[in-house]
Engineer: 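My structure is below; once you've seen it, I'll send some questions.
Just so you know, ligand 1 is whichever comes first in the structure, and atom 1 is the first atom listed for that ligand.
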Amino acid sequence: MTEPAATPSAAPLVDGFGRAIRDLRVSVTDVCNLRCTYCLPESGIAWLPKDERLDDDETVRLVEVLAGLGVTTVRITGGEPLARSHLPALIERIDAVPGIDEISMTTNGVLLNRHADALVAAGVKRFNVSIDSVHARRFAELTRRDVLPAVLNGLAALDPYRDRIKIKLNAVALRGITEHEAVDLVAFARERDLQLRFIEVMPLDADGAWTEDHVLTGEEVRAIIHEQWPVDALPRERSSTARVWRFRDGGGEIGFVSSVTESFCGDCDRIRLTADGQLRTCLFAHDETDLRGALRAGASDDDLVAMIRGAVAAKQWGHEMHKPGFRPPERPMSAIGG
Ligand code: SAM
């Protein structure tokens, strides 16, 4: 294997629309310990066989190659990333890759209590913890698991590190449900001085049951919040998925990831690596590039670079959710990596 470069070794990774790729989402497992209704089916899930998943060496090698092409940030996701064993050891290795500036993680928080110390020590700088309700019964209905106390303990386990890490909360907004949850979620976040982000539900559920009727829009949630705590818009940060608003009373900020109603594809800088080593250049792509197959067939770094460049050159403009004939991707969010 060639030595990884400390700075982009060649021309940076730019797609056909001139968007430079900087952010990599690495799904470290497709396995999840929750069964969120908008993501996974209740039962009958065929998880990836172990030998189809990338091992640590393979994952680190791909991150090295991508860092050599200008990727600077890595978000660890899944499935549920904390369902993967020995995760801190992998994170420590990714953190040591020259060119990688920041590692973040998206987690449901259920196992965070057990792993928080090791994850922070390994180098995770940002945690996004998913929590769709702060009411135990509603949380259990949405996730099909009665584990809200574990999530709360997980969040508490991050408290001692607040001076070194950033924490955000993610809540998927669902029509008919989140209208009744939003104010309590916001109160919960404000009490803890955490930024909460509401995410519009996307057609990425394993059951294929999504319709536009399920989407409670960011604007609608914001109107509910604004009644109680008026907010003002902040300028949008480049390549950000969320539009951020500030509470007028000084109570912090709140974000809206309005993936369905306010696409942010225009300056997307993201690509994704699935747990089975497929490169996806868009959450909604139908094509994947088989980097695992190439690695296992003995591909050189140059071979991998050529495959990655080819895939990125063909990155689609956006999600096309509103175009007639739209087809959701073949894999649900849990298998792609959120
Ligand atoms: N298990 C981790 C978690 O719960 O945060 C990481 C993976 S999960 C797929 C990442 C994020 O995607 C979570 O915030 C989850 O709520 C969100 N998500 C899952 N399915 C979604 C969908 N159909 N639409 C919008 N967001 C979704």
Engineer: Suppose we measure from atom 20 (N) of ligand 1 to each protein heavy atom; which comes out shortest, and what is that distance?
Structural biologist: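 Among all protein heavy atoms, the one nearest atom 20 (N) of ligand 1 is Tyr38 CD1, 3.4 Å.
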Engineer: Closer than 4.0 Å to some heavy atom of Asn170 - which atoms of ligand 1 meet that?
Structural biologist: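 Near Asn170, meaning under 4.0 Å from one of its heavy atoms, ligand 1 has 14 (O).
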Engineer: I would like to know whether Trp245 and Ile225 meet side-chain contact (heavy atoms from CB on, under 4.5 Å); could you show each step before the answer?
Structural biologist: CA-CA 11 Å; Trp245 297 62; Ile225 305 305; over 6 Å; no
Engineer: So if I count the atoms of ligand 1 from 1 in the order they appear, which ones are less than 4.0 Å from some heavy atom of Ser130?
Structural biologist: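 Result: 3 (C), 4 (O), 5 (O), 13 (C), 14 (O).
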Engineer: Is it the side chain (CB and beyond), the backbone, both or neither of Asn108 that lies under 4.0 Å from ligand 1, heavy atoms counted?
Structural biologist: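 The part of Asn108 near ligand 1 is both the backbone and the side chain.
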Engineer: Would you mind checking if Asp232 and Arg248 are paired as a salt bridge, meaning a charged N to carboxylate O distance below 4.0 Å?
Structural biologist: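 Looking at Arg248 and Asp232, the cut-off is met.
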Engineer: Counting from 1, what ligand 1 atoms have a heavy atom of Glu200 closer than 4.0 Å?
Structural biologist: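 Per the distance check, 25 (C).
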Engineer: Cut-off 3.5 Å, side chains only: do Asn33 and Glu80 have a donor facing an acceptor?
Structural biologist: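 There is no such pair (donor and acceptor under 3.5 Å, judged by atom type) between the side chains of Asn33 and Glu80.
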Engineer: Could you tell me whether the side chains of Glu200 and Thr261 share a donor-acceptor contact shorter than 3.5 Å?
Structural biologist: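 Looking only at side-chain atoms, Thr261 and Glu200 do form a donor-acceptor pair, the distance falling under 3.5 Å.
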Engineer: Evaluating non-hydrogen atoms only, which member of Ser334, Gly79, Pro203 is closest to atom 7 (C) of ligand 1?
Structural biologist: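 Nearest option to atom 7 (C) of ligand 1, by heavy atoms: Gly79.
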Engineer: Using non-hydrogen atoms of the residue, decide whether Gly78 is closer than 4.0 angstrom to ligand 1.
Structural biologist: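 Yes, Gly78 has heavy atoms under 4.0 Å from ligand 1.
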Engineer: Going by atom types alone, do Asp303 and Ser300 pair a side-chain donor with an acceptor below 3.5 Å?
Structural biologist: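 Present: a donor and an acceptor within the cut-off.
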Engineer: Any atoms of ligand 1 less than 4.0 Å from a non-hydrogen atom of Val172? List them with their elements.
Structural biologist: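 What qualifies from ligand 1 is 16 (O), 26 (N), 27 (C).
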Engineer: Using a 4.0 Å heavy-atom cut-off, say whether Thr106 meets ligand 1 through its side chain, its backbone, both or neither.
Structural biologist: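 For Thr106, backbone and side-chain atoms both sit under 4.0 Å from ligand 1.
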Engineer: When you check the gap from the basic side-chain N to the acidic O, do Arg126 and Glu102 get nearer than 4.0 Å?
Structural biologist: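 Salt bridge flag = yes for Glu102 with Arg126.
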Engineer: To the nearest 0.1 Å, how far is atom 9 (C) of ligand 1 from its closest protein heavy atom, and which atom is that?
Structural biologist: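 For this ligand atom, the closest protein heavy atom is Met333 CG, 3.4 Å.
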Engineer: For atom 24 (N) of ligand 1, what is the nearest protein heavy atom, given as residue, atom name and distance?
Structural biologist: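 The closest heavy atom on the protein side is Met202 N, 2.9 Å.
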Engineer: How close does the nearest protein non-hydrogen atom get to atom 2 (C) of ligand 1, and which residue and atom is it?
Structural biologist: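 Result for atom 2 (C) of ligand 1: Glu80 OE1, 3.3 Å.
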Engineer: Any ion pair linking Asp101 and Lys125 (charged N to carboxylate O, less than 4.0 Å)?
Structural biologist: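 Answer for the salt bridge query: no.
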Engineer: So, Arg75 versus Thr106: side-chain donor-acceptor pair below 3.5 Å or not?
Structural biologist: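 Distance-only check passes for Arg75 and Thr106.
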Engineer: Between Asp184 and Arg138, is there a side-chain N and carboxylate O pair less than 4.0 Å apart?
Structural biologist: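 No, Asp184 and Arg138 are not salt-bridged.
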Engineer: Examine the proximity of ligand 1 to Leu34 and report which part, side chain or backbone, both or neither, has a heavy atom under 4.0 Å away.
Structural biologist: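 Neither part.
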Engineer: If the cut-off is 4.0 Å to any non-hydrogen atom of Thr77, which atoms of ligand 1 fall inside it?
Structural biologist: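 This gives 6 (C), 7 (C) as the contact atoms.
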